[in-house]
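What you see below is based on every heavy atom in this structure, not just the backbone, and it leaves out hydrogens, waters and symmetry mates. These numbers come from a predicted model, not from an experiment. In the text below, chain A, chain B and the rest are named by the order of the sequence lines, each starting its count at 1.
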Number of protein chains: 2
Amino acid sequence: MPKISDVASRAGVSPATASRVLNGKSTVAPELAERVQAAAAEMQYRPNGLARSLRRRETTVIALIIGDVENPFFTSLARGVEDAAHADGYSVILCNSDEDPVKERRYVDVALQERAAGVVLSSAGSTESIGMLRDQRIPFVAVDRPVEGAATDTVVVDTRSAAAAATLHLLEQGYQRIGCIAGPAGIATADDRLAGYRDALRAANRRIPARLVRHAEFKAAGAKAAARQLLDRRERPDALLVANCVMARGVLEAMAELGLRSGRDVGLAAFDDDPWTTLITPPMTVIAQPAHDLGLIATRLLLSRIADPARAATTSTLHATLIPRGSTER
Amino acid sequence: MPKISDVASRAGVSPATASRVLNGKSTVAPELAERVQAAAAEMQYRPNGLARSLRRRETTVIALIIGDVENPFFTSLARGVEDAAHADGYSVILCNSDEDPVKERRYVDVALQERAAGVVLSSAGSTESIGMLRDQRIPFVAVDRPVEGAATDTVVVDTRSAAAAATLHLLEQGYQRIGCIAGPAGIATADDRLAGYRDALRAANRRIPARLVRHAEFKAAGAKAAARQLLDRRERPDALLVANCVMARGVLEAMAELGLRSGRDVGLAAFDDDPWTTLITPPMTVIAQPAHDLGLIATRLLLSRIADPARAATTSTLHATLIPRGSTER
DNA sequence: ATCCGGAGGGAAATCGTTTTCTCGGGTGAC
DNA sequence: GTCACCCGAGAAAACGATTTCCCTCCGGAT
């Protein structure tokens, strides 16, 4: 692969001049410039990004750390990140933490080694990773889940009040024994949704029955098991709030196996607006999150921080919207 | 951020020695080694990946270029790629071509600039990108879709015969007028599936009705429009083979709007085994592709080629399996 | 005519590693 | 006792760009 000095000598100029032409930073005699451009084109010259980044002491790569690429919420978010990043000439390294703090830490390590320009982080709760990012003063933004400690650029959804609204909706629809299949304790979105559920019940002067709450991983299998436990007994809940759509899949499977229909037998509302939720019968009530925007905004925030590291930290909270459908009609 | 010379001077040795200790390539007196390790740990030293890669003339990043991260088939594939890559210490740059040859080319350009160690490519059909990769002799493997020209490491699915098998299944279930909603002409998987559909009809001595075939993008919206055209008339098909599950979503929407039930009114089979396909009623017949394995194997192939660029090209063909469900029962 | 300023372009330093080169000292063989 | 060899460690080169520094030349002002 040709290097800039090859281009330069072919054009009969010094590497310095070639660099100036190719980067358009400084003015160069038009004739020389043309020769350089021509030489570069003929040789299919492509600057070595590593050398460039090393010298400039900056890269055009950002790392995106999320829990699960197979969750449509995260892919949509990832898509937003990619769109925003690419629009500014940045590439995205995708990192799948599997909600495992250890894996998360390893990925932060990689990002640090590769001198990523910044990190978009949906943290599984590894305080260590956050510490590393802060220590190294590498720009990062927390997305979907806030992080502890010092002020940090953050983009989240008002998930707690959305959970409360969904729970209230279930109450209004006449459901009496409302249960909750929550995500893993310790993950902010999971805790917040559970808190919102409790808020709504408390506001309605209902007992908050601990027996109707189950925690599970953000996976279908765990949610399915949890749903079976809740539903397969006499005193079962007549409605469920589920922490996300991946889990809702498991819940629906459990209900099918138990012969329970959603809406009529068990009211069902879940976070995220996965595309399949309108294909089932009855269609499922969801709390739609603006996942794509989440990624977009987080990335723009990150890029602006890269441009100005001194700027004060910003938190923006996006709105989730309840979309009532058949699964919450008796 | 500390550099290796900082570590070295803290340990009272030369940078060369520090490097030798940290990479374990050469033997160093145990006492010095210990001092270096200690200094590195105390200073939280992290080698600068850019400088290292520049000097070593190799990187530990591979690029993954796919059509659509929001398609579960591709996310599953991406997951396989990531797992295999990460197991070998490589990172993955995610590139979303949107099935656009121009975007694909741009991403190949980025991969080349950043001197990616290799590329896993599910090509939208940009011969130009392939040419660039070949010219630069950068290791790459074609996944899901073969590429034209010289022998290339390739991992694909026997999609044509799988499409034939699915069509035969529809015939055996008694469907008479079988239509096909194919992907964009020019994309190998789309063409192959259509060809397989035709193979099966020909083998059964059926007419191959051009009016029952529609092309659309690999998106729900396009497939929905195509399905409406096919289904909203007297002489409508009584079964459809759909090129993938994303498109099947659109088809199901169209059917719902037209008041058609799958199975009874219109037999339905689609490629990919998206998780929601068992949640609808009736559950949908699918042709399951081993997406995760596809990514895994492709990446292992890529890594082995990086290790040995001279090795002869390999093609491996994985099997897709028909999973008959209610949507193909009358 | 002299001086100043600015612009254009080459030489060389620089980014942070790894690796080659080199040198001194110790060891084993003859 | 001498020579050859090896091993450990520092000095310096190399990776391929960008950027600083500096020199030269030209035009305009005094």
Side-chain angles (χ1 to χ4, degrees), chain A residues 1-37 39-40 43-61 89 109-117 136 138, chain B residues 1-37 39-40 43-61 89 109-117 136 138:
Chain A
M1 234 183 249
K3 40 184 170 176
I4 200 168
S5 60
D6 299 330
V7 173
S9 59
R10 176 160 189 151
V13 300
S14 74
T17 303
S19 171
R20 286 191 263 255
V21 172
L22 267 11
N23 292 294
K25 291 288 176 191
S26 166
T27 63
V28 173
E31 194 215 325
L32 293 192
E34 201 152 328
R35 290 217 308 266
V36 171
Q37 296 286 14
M43 308 178 81
Q44 295 224 56
Y45 169 70
R46 245 177 287 270
N48 183 321
L50 297 165
R52 164 178 290 175
S53 299
L54 177 60
R55 173 62 232 232
R56 287 202 178 146
R57 323 191 79 199
E58 65 187 25
T59 59
T60 55
V61 174
D109 232 351
V110 171
L112 256 31
Q113 286 227 165
E114 301 303 322
R115 301 302 193 263
Q136 308 292 336
I138 172 174
Chain B
M1 236 183 246
K3 40 184 171 179
I4 199 169
S5 61
D6 299 331
V7 174
S9 61
R10 175 159 189 151
V13 301
S14 74
T17 302
S19 170
R20 287 191 264 255
V21 172
L22 266 12
N23 292 294
K25 292 287 177 190
S26 169
T27 63
V28 172
E31 193 215 326
L32 294 191
E34 200 152 330
R35 291 217 307 266
V36 170
Q37 296 287 13
M43 307 177 83
Q44 294 223 53
Y45 169 70
R46 246 177 287 272
N48 182 321
L50 297 165
R52 163 178 291 176
S53 299
L54 177 60
R55 172 63 230 228
R56 286 199 179 150
R57 323 190 76 195
E58 67 185 25
T59 58
T60 53
V61 173
D109 233 350
V110 170
L112 257 31
Q113 286 228 164
E114 301 302 324
R115 301 300 191 266
Q136 308 292 337
I138 170 174

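Look at A:Y45 and you'll find a side-chain N or O under 4.0 angstrom from OP1 or OP2 of D:dA17.
Per the geometry, CZ belonging to A:R57 stands 6 Å off C1' belonging to C:dC15, to the nearest Å. Atoms CD (A:E114) and P (C:dG16) sit 15 Å apart, rounded to a whole Å. Rounded to whole Å, atom C1' of C:dT17 lies 20 Å from atom CZ of A:R52. We find that CD of A:E58 is positioned 15 Å from P of C:dC15, with the value rounded to whole Å. Counting to the nearest Å, the P atom of D:dC15 and the CZ atom of B:R115 are 14 Å from each other. Distance B:K25 NZ to C:dT19 P: 7 Å, rounded to the nearest Å. Rounded to whole Å, atom C1' of D:dA17 lies 16 Å from atom CZ of A:R46. The distance from atom CD1 of A:I4 to atom P of D:dA14 is 19 Å, rounded to the nearest whole Å.
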Could I get a table of every N or O pair under 3.5 Å where one atom is in the protein and the other is in nucleotides 5-8 of chain D?
| unit_1 | atom_1 | unit_2 | atom_2 | d |
| --- | --- | --- | --- | --- |
| D:dG8 | OP1 | B:T27 | OG1 | 3.2 |
| D:dG8 | OP2 | B:T27 | OG1 | 2.4 |

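Atom CG of residue B:L54 and atom CZ of residue A:R55 lie 13.0 Å apart, to the nearest 0.5 angstrom. One finds the CZ atom of B:R52 at 9.5 Å from the CD atom of B:E58 (value rounded to the nearest 0.5 Å). B:Q37 CD to B:R35 CZ: the interatomic distance, rounded to the nearest 0.5 Å, is 13.0 Å. Going from atom CD of A:Q113 over to atom CE of B:M1 covers 10.0 Å, rounded to the nearest 0.5 Å. Here the straight-line distance linking atom CG of B:L22 with atom OG1 of B:T17 works out to 11.5 Å at 0.5 Å rounding. Atom NZ in B:K3 sits 10.0 Å away from atom CG in B:N48 (nearest 0.5 Å).
Heavy-atom distances under 4.0 Å link DNA chain C to A:A16, A:T17, A:R20 of residues 15-23 of chain A, given in residue order.
Nearest approach of A:R115 to B:R46, heavy atoms of both residues: NH2-O, 3.2 Å. B:L50 and A:S53 get closest at one heavy-atom pair: CD1-CB, 3.8 Å.
Side-chain N/O atoms of B:R55 and base N/O atoms of C:dT17 include no donor-acceptor pair closer than 3.5 Å. Not a single donor-acceptor contact under 3.5 angstrom links the side-chain atoms of A:R56 to the base of D:dT18.
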Give the intermediate values and the outcome of side chain to side chain contact (heavy atoms under 4.5 Å, CB included) for residues B:V61 and B:E114.
CA-CA 9 Å; B:V61 173; B:E114 301 302 324; over 6 Å; no
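Residues B:G12 and A:L50 each lie close to DNA chain D; by heavy-atom proximity, the contact nearer the 5' end of the strand is made by B:G12.
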